[in-house]
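To keep things clear, I will list the structure first and then write my remarks on it.
Residue numbers begin at 1 in each chain, while the letters A, B, ... track the order of the sequences.
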Protein chains: 4
Amino acid sequence: MADQQVPSSIKDQGLVEKRRNQMIKGAVSLFIEKGFHKTTTREIAKASGFSIGTLYEYIRTKEDVLFLVCDSIYERVKDRMEQVIDTEKKTIDSLIHAVTSYFQLMDDMQDEVVVMYQEVKSLSRDAQEYVLQKEKDMLEMLTQVIRNSISTPMAEQDISLIANNIFIQGQMWGFRRWMLQKEFTLESYTKRQVHFLLEGLNVNSIQNQQTS
Amino acid sequence: MADQQVPSSIKDQGLVEKRRNQMIKGAVSLFIEKGFHKTTTREIAKASGFSIGTLYEYIRTKEDVLFLVCDSIYERVKDRMEQVIDTEKKTIDSLIHAVTSYFQLMDDMQDEVVVMYQEVKSLSRDAQEYVLQKEKDMLEMLTQVIRNSISTPMAEQDISLIANNIFIQGQMWGFRRWMLQKEFTLESYTKRQVHFLLEGLNVNSIQNQQTS
Amino acid sequence: MADQQVPSSIKDQGLVEKRRNQMIKGAVSLFIEKGFHKTTTREIAKASGFSIGTLYEYIRTKEDVLFLVCDSIYERVKDRMEQVIDTEKKTIDSLIHAVTSYFQLMDDMQDEVVVMYQEVKSLSRDAQEYVLQKEKDMLEMLTQVIRNSISTPMAEQDISLIANNIFIQGQMWGFRRWMLQKEFTLESYTKRQVHFLLEGLNVNSIQNQQTS
Amino acid sequence: MADQQVPSSIKDQGLVEKRRNQMIKGAVSLFIEKGFHKTTTREIAKASGFSIGTLYEYIRTKEDVLFLVCDSIYERVKDRMEQVIDTEKKTIDSLIHAVTSYFQLMDDMQDEVVVMYQEVKSLSRDAQEYVLQKEKDMLEMLTQVIRNSISTPMAEQDISLIANNIFIQGQMWGFRRWMLQKEFTLESYTKRQVHFLLEGLNVNSIQNQQTS
DNA sequence: CATGAATGAGATTTCATTCAT
DNA sequence: AATGAATGAAATCTCATTCAT
């Protein structure tokens, strides 16, 4: 767990976890509203339901809050993807299901994802790398699903590229909502992206025809 | 011009433009290095080659600098795309050329683009919309090129989606360089993205075969 | 005892004394290392081997710790001087012995003495006076020894002045160690100071000649 | 000058000096009253006659104020000693004059000297050494005067020891005023200390008899 | 008796902005 | 037009002390 990365002066580990969850919850909504830099530690404390002194019993610096927030978002995304993605099943359907689920997830967590992409650069080099690892893990999951679901072999590079494309198309749904969510519903967006994805994979199966 | 959006107490318009260009140049490199919030107005003044007092003769607030910077980046990107893209020619080649040029541009301006994506949310609502309009213009250009280059008609929604995909794939090249630029050169990245693009458009032309 | 000056909520007097000794021991080394003001109560508690809550069962304020520490140092110095000084014997030798012992003591307790001189001004007026009384007692002991050891009578003022001189020359050994301990060993320092002391007293005895 | 050790963001050197003098004057009286640690930077700013923001234009940290204060005290002491001490004249009178002047100086600057001795340990290692050098310079001056004024040669160590004794006897006058200034006036204190000093030097001259 | 989580006043420091020169 | 000294609101963080368990 990332919690181990941020020392606390509180000994009771259960309490640390509980308080940090309060903290993350409070901070996320503030960061969404006004960004990390324009949010004050006092506001974070208040939104978390405790005093400024208590806040600093659970973190060392304001940046720790950002780390906890980013890490928790990544963790939640990763968790849900692990639940939802079956890296074993070897059908094109499982790929479609994975992408659909991932897009759904990105829709659910739009704000959080936007925050993360905005603020992750404010983390220290180390923290950034720690958090980025989770992104690599997720990418690896997508890669695996793609690899499994295609019948004819494909260059690893191409698989990786497609995984990246899917990955950011998911994020783009939230990130560029001002543009996309005027023209598409989540369903239509998913349907068309999946369509082009399958075209790219040269899958002329029934599924493909269904989606076009 | 965006300059008109930001009032200055200096009368001489030529001077205003000159000073603001100094300012933008200085500020961009600072924003790239440490981000908007961690850059001070004093640093901007110094990097621009004049005093803090003078800085404030040409802007009202620190946010004005960010606006000027973002706007200038968008402007430069848009300019170069207009030079490079021929929205008249009706061949698949002109699409390939457009994408290639755009990716090249994104490669040249990696840092600037990253800065912009990081910091644009710190602008006021109005400034954001002003700047976003330029993005819409660029998207419209891509849309036009796509529309022209396909022989069989396509749903407007699909064209728009593909334009968006191209658009962010360009940005992704800079934004996710830690991942992509390990596996690809700009050329190979462009080649494979163009390949999948053409697959999606169902263009089984000579070019397509060449690129696969 | 000074302990009576600082109330505790604990009834068991034996325990109070035990805990306070732990406290003093822990605090002294911290004060030596970083000074009173830069030492936190948490650090004192930790160094004493108990919790911050427990610390406050045995004192009222942080200043109480300083008082206890200063008082304990004075007490120890005074104790050892009482053991070592014989205010009855009426020879010049007993003066030499007293000075030598006192200098030895100052050498043993260098750090403590430095701490005391640094921090005693942070005590409240009352506490300062309480602690200063012990200094007066020690001065009185020196005065007595001097008075006894001279054959021809001397002005009380002069005796007092010489006592003061001896007193601070002892402290100076620790206080100005960066200077003195480069040029002298404790022995040579003692020998020369004793020499000049006897010159001042106009004692042209055998001892005097021995030391010159 | 020590001013060079502490960077300022103000360019006008004359102004820097002026403001820092205001600062030192304000700070000294506060440090005398309540000590360095219990004095806030806001209080220093106010006592200096400018705002907290302005204060920080002339220093980097609170510790810089302490350094400036300590250094200025040392500098003033050293200056006045240089004016007053004639290291050329080779009579016992010039030694007596030097000691008398030095004691007078210590009387004038009692508070400042006490502050310095209390707080110098709060300086960084480097700053401490910088400041201590001035003390060594002064000691050297005393040494020189002693060496000149004695007719029969004396061990260098002894000269150094006597210089140290004089040095701290001067400080003791302020440092232990609660004790000494009850029994002595500055004149009587000086007279008797000079007396014992000359005894120690074995000078049985007319001056000596006058002082006894 | 002992513990340690909670508190919040208060300290230091920064920095966007103004304005007299 | 240009300068840069002055300002003070506001931000982060610390730490002595309390009190429920």
Whole angstroms only, please: what is the [atom1]-[atom2] distance between [X] and [N]?
{"X": "Glu57(D)", "N": "dT18(E)", "atom1": "CD", "atom2": "P", "answer": "16 Å"}
{"X": "Phe36(D)", "N": "dA11(E)", "atom1": "CZ", "atom2": "P", "answer": "13 Å"}
{"X": "Glu43(D)", "N": "dG10(E)", "atom1": "CD", "atom2": "C1'", "answer": "11 Å"}
{"X": "Lys46(D)", "N": "dG8(F)", "atom1": "NZ", "atom2": "C1'", "answer": "13 Å"}
{"X": "Gln13(D)", "N": "dA5(F)", "atom1": "CD", "atom2": "P", "answer": "11 Å"}
{"X": "Glu63(A)", "N": "dA11(F)", "atom1": "CD", "atom2": "C1'", "answer": "16 Å"}
{"X": "Lys18(D)", "N": "dA5(F)", "atom1": "NZ", "atom2": "P", "answer": "13 Å"}
{"X": "Arg60(C)", "N": "dT18(F)", "atom1": "CZ", "atom2": "C1'", "answer": "16 Å"}

| Given that His37(C) and Tyr58(B) both sit by DNA chain F, which one's nearest nucleotide is further toward the 5' end? | Tyr58(B)
| query | On DNA chain F, nearest-nucleotide positions of Ser9(B) versus Ile10(D): which is more 5'? | reply | Ser9(B)
| field | Salt-bridge contact Glu57(D)-Arg20(D) (side-chain N to carboxylate O under 4.0 Å) | value | no
| Is Lys34(A) salt-bridged to Glu43(A), cutoff N-O under 4.0 Å? | yes
Side chains of [X] and [Y] in contact at under 4.5 Å (non-hydrogen atoms):
{"X": "Ile44(D)", "Y": "Phe31(D)", "value": "yes"}
{"X": "Ile73(B)", "Y": "Val69(B)", "value": "yes"}
{"X": "Asp71(D)", "Y": "Lys134(D)", "value": "yes"}

| message | Walk me through whether Lys38(C) and His37(D) qualify under side-chain contact (heavy atoms from CB on, under 4.5 Å). | response | CA-CA 9 Å; Lys38(C) 289 196 185 151; His37(D) 285 102; 4.2 Å; yes
Is [X] touching bases, backbone alone, or none of the nucleic acid, heavy atoms closer than 4.0 Å?
{"X": "Thr39(B)", "value": "sugar-phosphate"}
{"X": "Lys38(D)", "value": "nothing"}
{"X": "Thr61(B)", "value": "sugar-phosphate"}

| query | What would the secondary structure line of DNA chain E be in dot-bracket form, counting Watson-Crick and G-U wobble pairs under 3.5 Å, with [ ] for pairs that cross earlier ones and | for pairs with another strand? | reply | .||||||||||||||||||||
| request: Measure across Ile52(C) and Arg42(C) and return the closest heavy-atom pair with its distance rounded to 0.1 Å. | output: CD1-N, 3.9 Å
| said: I need the minimum non-hydrogen distance between Gly26(B) and Ser29(B), along with the two atoms involved. | reply: O-OG, 3.0 Å
| query | In residues 48-56 of chain D, which ones come under 4.0 Å of DNA chain F, going by heavy atoms? | reply | Phe50(D), Ser51(D), Ile52(D), Gly53(D), Thr54(D)
| task | Verify the contact: side-chain N or O of Thr41(A) to OP1 or OP2 of dT12(F), cut-off strictly under 4.0 Å; return yes or no. | result | yes
| Should Arg19(D) be listed as having a side-chain N or O under 4.0 Å from OP1 or OP2 of dA6(F)? | yes
| message | Can you work out whether Arg42(A) or Lys11(A) has the more 5'-proximal nearest nucleotide on DNA chain E? | response | Lys11(A)
| query | Checking Lys62(C) against Phe36(C): charged group under 6.0 Å from the ring centre and within 45 degrees of the axis? | reply | yes
| Step by step, would you call Phe67(D) with Tyr130(D) a side-chain contact (heavy atoms from CB on, under 4.5 Å)? | CA-CA 10 Å; Phe67(D) 175 73; Tyr130(D) 183 90; 3.5 Å; yes
